[in-house]
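Each remark here refers to the structure printed beneath this line.
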Amino acid sequence: MRAFFLPFINNALQSAGIETDKEIQIEKPTDKKFGDFSTNIAFLVAKEAKRNPRELAGQLIENLRFPAGTVVKTEVAGPGFINFHLDPAFIMLSAQAVLEVGEAFGSYDSGTGQKAIVEYVSANPTGPLTIGRGRGGVLGDCLANLLETQGYTVTREYYFNDAGRQMQILAESVRYRYLQRCGLEVTFPDTHYQGDYIADIAETLFIEHGNDLASREDLSLFKETAERVIFSSIRKTLERLSISHDSFFNEHTLYQAPEGEVSPNQKVIDALDEQSFIDRYDNATWFLTTKLGQEKDKVLIKSSGDPSYRLPDIAYHVTKFKRGFDLMVNVFGADHIDEYPDVQEALKILGYDTTKIRVAINQFVTTTVGGQTVKMSTRKGNADLLDDLIDEVGADATRLFFIMRSKDSHLNFDVELAKKQSKDNPVFYLHYAHARICSLVRMASQEIGFNESAATGEGLPLLTSEPEIDLASSLLDYPDVIQSCLRFLEPQKMVEYLHTVAERYHKFYQECPILKADPEIRAARLELSLCVRQVLRNGFTILGISAPESM
RNA sequence: GUGCCCGUAGCUCAAUGGAUAGAGCAUCAGCCUUCUAAGCUGAGGGUUACAGGUUCGAGUCCUGUCGGGCAUACCA
């Protein structure tokens with residue numbers, strides 16, 4: 001609906017002889033008396049033109065020409081706002097689009113023909129997924145869904161490493177537990193992975209091999225088994241949350257090169273070297289970030305000869321560019337915040353357009369149980385497992401809890417509250433609205449032979465009461481909400497929005513009899529209900545939660 | 001110490017630099033012989049941590065102070 005106003009305002013600006021590169025902002029006023037939409041363009045332009053905003057707004061509305069039956073009143077208010085009042089019939093007619101385009105309502109073609117990659121989760125297979133990881137997983141999945149509505153061809157990618165130091169520690173951890181299982185007296189180092197899952201893996205190895213592996217120094221079997229078991233558990237957990245990836249990118253491939261060629265890692269070093277951003281000292285190879293104003297240089301190749309994580313990370317991003325992605329979204333937790341600028345700087349030096357990269361950093365999740373904060377660490381084995389949480393509160397509530405708060409806020413996951421499965425849980429409010437409509441439609445088809453597939457929305461303009469207009473009006477916001485979610489990489493806005501739609505539906509349901517109304521009004525109200533159901537479903541699809549037909 | 005995020009109702013959180021700062025939970029008062037009361041209506045509750053600054057306008061931007069989280073590795 002915001003897009004509706006833009007050409008008219010542009011024309012008015014032109015007619016008034018005003019040139020500006022300011023973005024025209026269309027807002028929803030806080031108070032209804034200020035109309036359905038408003039713009040502050042007069043303020044923005046007034047500054048440039050050094051004119052009085054109110055006077056300028058007056059001149060603009062002289063030049064605003066809307067088609068008949070759309071905007072019934074345009075007025076200047078306050079110090080220079082321009083407020084638009086829509087014809088209620090126009091709102092109702094516009095809402096017909098929901099039924100016309102169905103699940104494509106809210107979709108747009110701004111990304112058509114473009115390739116996007118969303119990288120998320122990317123946990124190394126050192127242990128089961130924790131609750132903290134879940135947040136980024138759901139965030140990434142929702143962002144991918146949002147991009148798909150805009151026509152992007154989206155690749156959902158998981159970047160992992162099964163080679164580095166952490167995997168070594170993992171293999172050793174399994175070996176220690178295995179040796180203990182064989183009855184040997186070994187002390188388990190507290191630097192290693194403490195979780196029960198290590199002992200479980202050791203147990204399977206013991207069942208398969210007995211004591212045979214006890215004398216073996218080679219860790220590869222321990223490592224391979226651990227990786228296989230853990231990766232499979234990670235994928236199972238993700239599946240439970242309807243998170244799936246199209247592509248698993250193994251960091252280790254960046255270390256390798258075909259005969260006669262150099263590895264992607266080495267190519268990065270060479271290219272940076274050519275630009276004089278590489279130096280070698282203290283037996284290591286350094287990225288000269290001090291030349292970019294940073295306090296310290298960053299190690300790319302350790303004195304051991306192994307790359308540090310930054311090098312493959314840069315090389316990995318190079319592959320994203322080489323694979324031709326027009327948009328690259330990276331989702332990661334706040335603990336990675338320091339590394340991202342280095343990667344970005346390196347890519348700039350290598351000549352890549354880093355404006356194609358967008359980063360969504362989610363703050364941590366703290367879990368509280370009975371008001372007590374629980375600290376989490378995978379290494380110490382006291383992590384709250386994502387699987388346990390899903391067991392207790394279900395997939396829908398887990399997903400919704402993760403994205404109902406802004407990603408920049410620390411998420412306080414009240415486990416007790418989430419366990420409640422009562423009306424406190426916001427997922428029920430949304431589900432209830434949807435189930436209510438389904439139930440109503442079922443009853444309508446049984447009792448009066450209502451045929452929902454034949455509904456076109458023709459009757460909608462018959463509806464004129466406030467709850468009906470408010471409800472229809474909120475449905476028209478849906479496409480704008482998708483844009484807003486993408487602009488800020490923030491699906492949380494969708495949760496808020498759907499709550500508003502559900503709230504307005506419940507109010508409409510309360511105040512407007514549907515099945516008992518006169519046939520024409522009855523049909524129109526049923527059609528409006530179908531529109532609401534469609535918007536709820538579309539939103540649920542983006543959030544990745546179910547749409548129950550009864551409760 | 002330095003960098004990033006956060007500080008808003010009793011609690012959990014919203015609010016593109018816009019108009020009287022909003023929801024949910026909790027508290028209190030109403031609404032079911034009537035399509036799902038997992039709902040609706042209403043009330044109370046605020047110096048937006050604090051002090052300055054920028055401008056037509058600041059919860060939002062800038063500076064400083066206080067408080068919390070994360071990071072400051074030749075771990076990923």
Side-chain angles (χ1 to χ4, degrees), chain A residues 23 25-27 29-31 33-34 38-40 43-44 46-47 52-54 77-81 83 122-124 126 160-161 164-167 169 251 282-286 294-296 298-310 312-313 333-341 361-364 366 368 371 379 404-414 417 421-426 428-429 431-433 435-440 442-444 447 484 487-488 492-493 495-496 499-500 502-503 505-517 522 525-526 529 550-551:
Chain A
E23 185 190 2
Q25 296 176 15
I26 309 292
E27 303 167 334
T30 46
D31 194 316
K33 74 179 181 217
F34 298 130
S38 72
T39 181
N40 62 353
F43 294 110
L44 304 181
K47 191 166 284 180
N52 178 309
R54 202 181 152 90
F81 293 99
N83 295 337
S122 296
N124 286 343
T126 57
F160 72 102
N161 183 13
R165 167 113 190 96
Q166 295 305 320
M167 291 301 286
I169 292 175
E251 176 186 327
D282 295 346
N283 275 330
T285 302
W286 299 78
Q294 294 193 27
E295 277 182 31
K296 280 163 53 179
K298 301 289 165 55
V299 169
L300 292 183
I301 299 179
K302 301 184 265 185
S303 53
S304 66
D306 297 321
S308 79
Y309 65 91
R310 267 175 234 270
D313 228 19
D335 53 339
H336 283 240
I337 201 156
D338 257 19
E339 133 191 38
Y340 158 68
I361 296 168
N362 63 282
Q363 293 297 317
F364 276 173
T366 50
T368 57
R379 200 84 61 84
M404 63 194 267
R405 304 290 178 230
S406 150
K407 65 179 187 304
D408 291 329
S409 285
H410 295 244
L411 176 64
N412 194 335
F413 204 118
D414 187 333
L417 177 73
Q421 295 243 33
S422 73
K423 65 173 180 175
D424 303 348
N425 194 327
F428 286 105
Y429 191 79
H431 277 167
Y432 184 51
R436 220 175 195 185
I437 296 169
C438 291
S439 163
L440 183 73
R442 271 194 305 271
M443 200 165 297
E447 293 183 9
S484 180
R487 180 176 182 155
F488 297 99
Q492 186 263 345
K493 294 173 188 299
V495 182
E496 295 258 319
H499 186 272
T500 304
E503 186 175 50
Y505 187 76
H506 288 311
K507 187 174 172 72
F508 157 77
Y509 186 94
Q510 193 80 20
E511 298 194 9
C512 305
I514 300 167
L515 296 180
K516 286 167 196 151
R522 180 177 65 193
R525 287 181 176 158
L526 282 166
S529 299
S550 62
M551 290 173 72

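All values reported here derive from a predicted model rather than from experimental measurement. Within every chain, numbering begins at 1; the chains are lettered A, B, ... in the order of the sequence lines, protein sequences first and strands thereafter.
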Tell me, what's RNA chain B's dot-bracket, Watson-Crick or G-U with both distances under 3.5 Å, | for other-strand, [ ] crossing? (((((((..((((....[...)))).(((((.......))))).....(((((..]....))))))))))))....
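Comparing B/A9 with B/G1, their P atoms are spaced 27 Å from each other, to the whole Å. Between B/U55 and B/A71, the distance separating the two C1' atoms is 36 Å to the nearest Å. Taking atom P on both B/U48 and B/A21, the two are 10 Å apart, rounded to the nearest angstrom.
The residue A/E23 sits apart from the nucleic acid: no heavy atom pair falls under 4.0 Å. Contacts of A/E251 with the nucleic acid, taken as non-hydrogen atoms under 4.0 Å apart, involve only primed sugar atoms and P, OP1 or OP2.
The side chain of A/A334 lies closest to B/C70, out of B/A38, B/A19, B/C70. The nucleotide whose nearest atom lies closest to any side-chain atom of A/Y432 is, among B/A38, B/A19, B/G18, B/A38. Of the candidate nucleotides B/G3, B/C13, B/C35, B/C35 has the atom lying nearest to any side-chain atom of A/I514. You'll find that the side chain of A/K296 is closest to B/U72, out of B/U72, B/A76, B/G69.
With centres under 5.5 Å and a plane angle under 30°, the ring of A/F34 is stacked against the base of B/A19.
With hydrogens and angles ignored, a donor-acceptor pair under 3.5 angstrom links the side chain of A/N83 to the base of B/A19.
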Contacts under 3.5 Å, N or O only, protein and nucleotides 40-42 of chain B:
from: B/C40; atom 1: OP1; to: A/Y429; atom 2: OH; distance (Å): 2.5
from: B/C40; atom 1: O4'; to: A/Q510; atom 2: OE1; distance (Å): 3.3
from: B/U41; atom 1: OP1; to: A/K507; atom 2: NZ; distance (Å): 3.3

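The pair A/R487-A/E23 counts as a salt bridge, with a side-chain nitrogen and a carboxylate oxygen less than 4.0 angstrom apart.
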